Protein chains: 2
Amino acid sequence: MSRKPDPAPGSRPTLEAVAARAGVSRATASRVVNGGAGVRPPLVDKVRRAVEELGYVPNHAARTLVTRRNGAVAVIIAEPEFRIFSDPFFEQQVRGISRELTAHDSQLVLLWVEGPGDYDRIGRYLGGGHVDGALAFSVHNDDGLPSIIGRAQVPAVFGGRPGWPGASGTPGGPAVPYVDADNRGGAREAVRHLLSLGRERVAHIAGPRDLTSAMDRVDGYRDVLLDADPGLIAQGDFTEESGARAMAELLARRPDLDAVFAASDLMASGALRVLRERGLRVPEDVALVGFDDMTSISEATDPPLTTVRQDVEGMGRLMVRLLMRVLNGQETEPGTGSAPGSVITPTELVRRASA
Amino acid sequence: MSRKPDPAPGSRPTLEAVAARAGVSRATASRVVNGGAGVRPPLVDKVRRAVEELGYVPNHAARTLVTRRNGAVAVIIAEPEFRIFSDPFFEQQVRGISRELTAHDSQLVLLWVEGPGDYDRIGRYLGGGHVDGALAFSVHNDDGLPSIIGRAQVPAVFGGRPGWPGASGTPGGPAVPYVDADNRGGAREAVRHLLSLGRERVAHIAGPRDLTSAMDRVDGYRDVLLDADPGLIAQGDFTEESGARAMAELLARRPDLDAVFAASDLMASGALRVLRERGLRVPEDVALVGFDDMTSISEATDPPLTTVRQDVEGMGRLMVRLLMRVLNGQETEPGTGSAPGSVITPTELVRRASA
DNA sequence: ATGAAAGCGCTAACAA
DNA sequence: TTGTTAGCGCTTTCAT
């Protein structure tokens, strides 16, 4: 009877069906489905009821096709970080992202990069318009991810200040918006705290050289201790083990040190272990400050760690907000040719017993 | 000049543009883009070149609209499990899923459920046709997720045999395909191993009652020890702490026990701790077998744990394969009205020093 | 306030 | 083998 063949039994109802049932046009049905602004209440009601009865759910692809909005954001996680999901750090950041994305009615599409071999696939995906934007984490400087993202021309926000050129606004490379903690400021605060305690020989256990967060913390240390003996700085890699090694090194070079600022709680706990093995009391003989406030560590050590806290979940949420701002074009205002702004979130010194 | 207005500078080239540039029809261009079967080589070349020069990338939404295929699969993770990402178990399973999905040119969309309040959102998403199917994990019996997925009418595969009715093929509820390890068989093997060692009073530390995997392991234990003293079974919840408590309980009830089969390595390690505190030697006085073979635990204990291994990554991959089979309709063959099959993967006893 | 109609970019019959 | 054409389901001017 009907001109158009009846829909297959398994297929979902379309807007058309809703409109028919409500006795309105597709346009009106669409308006109602999208908020119903400018439609008279009785009609709104009719359509709503039809939607209900038919169990209508908008077809995403069709909508995307015309609106050019996907309602999805990619979160790119490279293997080394994923491994670190055990690291409360990452879990928290992803949780923040997930929550904020939900608040923006967007979905999280997880792109798991296991190696450079996956870059092609990722690039194709990003370029294919599957997602409105991407969230990535600043990994090591030599990482190829940034350029992949750049080529895909997809709006992106980084977690952590990227270390490659262009990130800081170098002409040539586009400025990438990022969200980072105030690592430098936090480090300064940690060191100043140690000085305020009367400590005079404050050592530093630094994180990996190719991580901007680690380097920023060294810079903060140096900001306060302008003329610090280079021998007071030892290199670590953010692991417990490296913290222990670095501590041993420092003790060998400067047995007279009376304070240590470690660039991560994990390294601080390693340092603490060595300190105790050597019979040095914390904080009496050596005061110790960590960084991150990973409570599973900082509250568990004996004594608990004084450390620098960063609001990791908040940083995750901020990444999303920044991205949304870019997506909504609020960054491309005609007057200001300004690049999308990055955000530095404040840190906070958390005093516990170790310093 | 042209009938259609020139595309906006920012927009991506369409198939139309590629076709025009290659001097062919859209249909031919489409054919080439999708493999190029049945198109003569010279044309294929031309089109390929045009694609290259224009940097053409197919529009996903448009393609999905007509093919009704998304190339995306949702992985639904509820908060409690996400937390367990620290659990190598989950990380491995998701890795398996991710790899297999990639092999099938599908994307992983992570749906993170923080609580029952999220069910609506999840249901809407699943129903909206954003994904071709869903992968979920069998959580506790009272979980509402299964029904959400059922209502959304989206093909799904579960990790772990669901505990709710219908899962086992109860009429009324649709049978949900799942992938699970042979928990019962593995448990039997563990207990038989203990018996083969000459042990006569084998106790069991069971996992949570609302987890089918845990209950299956109890069943396996009972299969072998038909007339076991109920006092030889103690209740745990898969945590280290609960394993310790259960061990203490067992020792109080049956000081004469000479073997323990714990339903998880974590609980086994807790039991081990208590055993040693009581001055009991493992395996001399009490032989101990765990389950899971989480090497970070089983290889680290002293003595290392004899345990039952399951191929977790493989199970993840299998979940995807099963789903793909459903998606490709290979399960709906006219003749067989059979429900999509579930898969039970074999386990393997790994002998170390504890038994 | 509502409806008619024009596409969004692509695939898949169907023709040629 | 290639091209023509008809939609997929939706949003959005533009009329009314």
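By convention in this document, chain letters (A, B, ...) are assigned in the order of the sequence lines, proteins followed by strands, and residues within each chain are numbered from 1. Bear in mind the structure is a predicted one, so any value in this text is a computation, not a measurement. Values below: all heavy atoms of this structure, side chains included; hydrogens, waters and symmetry mates excluded.
Remark on DNA chain D: of its neighbouring residues A:N59 and B:A29, the 5'-side contact belongs to B:A29, judged by nearest-heavy-atom nucleotide.
For the pair A:T67 (side chain) and A:R63 (backbone), a donor-acceptor distance under 3.5 Å is present. Looking only at distances, no side-chain donor or acceptor of A:T64 sits under 3.5 Å from a matching main-chain atom of A:N70.
Between the CG atom of A:N70 and the C1' atom of C:dC8 there is a distance of 13 Å, given to the nearest Å. Between B:L65 atom CG and C:dG7 atom C1' the separation is 12 Å, expressed in whole Å. Atom CG of A:L43 and atom C1' of C:dG3 are 12 Å apart (whole Å). Summarising the geometry, the separation between CD on A:E16 and C1' on D:dT11 is reported as 14 Å, rounded to the nearest angstrom.
Inter-residue side-chain proximity for A:L101 and A:Q107 is flagged as unmet; no heavy-atom pair is nearer than 4.5 Å. A 4.5 Å side-chain heavy-atom check between B:V32 and B:V39 finds at least one atom pair inside the cut-off. Residues B:H104 and B:V320 have side chains in contact (heavy-atom distance under 4.5 Å, counting atoms from C-beta outward). In this structure, the side chains of B:V131 and B:Y125 come closer than 4.5 Å at one or more pairs of heavy atoms.
With rounding to the nearest 0.5 Å, the separation of CG in B:L322 from CZ in B:F158 is 12.5 Å.
In this model, the phosphate group of D:dG9 is not approached by any side-chain N or O of A:R12 to a distance below 4.0 Å at OP1 or OP2. Contact annotation: A:S25 reaches the phosphate of C:dG3 (side-chain N/O to OP1 or OP2, under 4.0 Å).
A salt bridge between A:R95 and A:E313 is absent, with no side-chain N of the basic residue lying under 4.0 Å from a carboxylate O of the acidic one. With salt bridges taken as basic N to acidic carboxylate O contacts below 4.0 Å, one links A:D118 and A:R121.
The side chain of B:V24 lies closest to D:dG3, out of C:dG3, D:dG3, D:dG9. The nucleotide whose nearest atom lies closest to any side-chain atom of B:V39 is, among D:dG9, D:dT2, C:dT2, D:dT2.
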So if I define the base as every atom that isn't primed, P, OP1 or OP2, how would nucleotides 11-16 of chain C read as a B/S/- string at a heavy-atom cutoff under 4.0 Å? BBB---
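Taking five base pairs at each end of the helix from C:dA1-D:dT16 to C:dA16-D:dT1 and finding the rotation axis that steps the C1' atoms of four pairs onto the next four gives two axes whose angle is 40°, to the nearest 10°.
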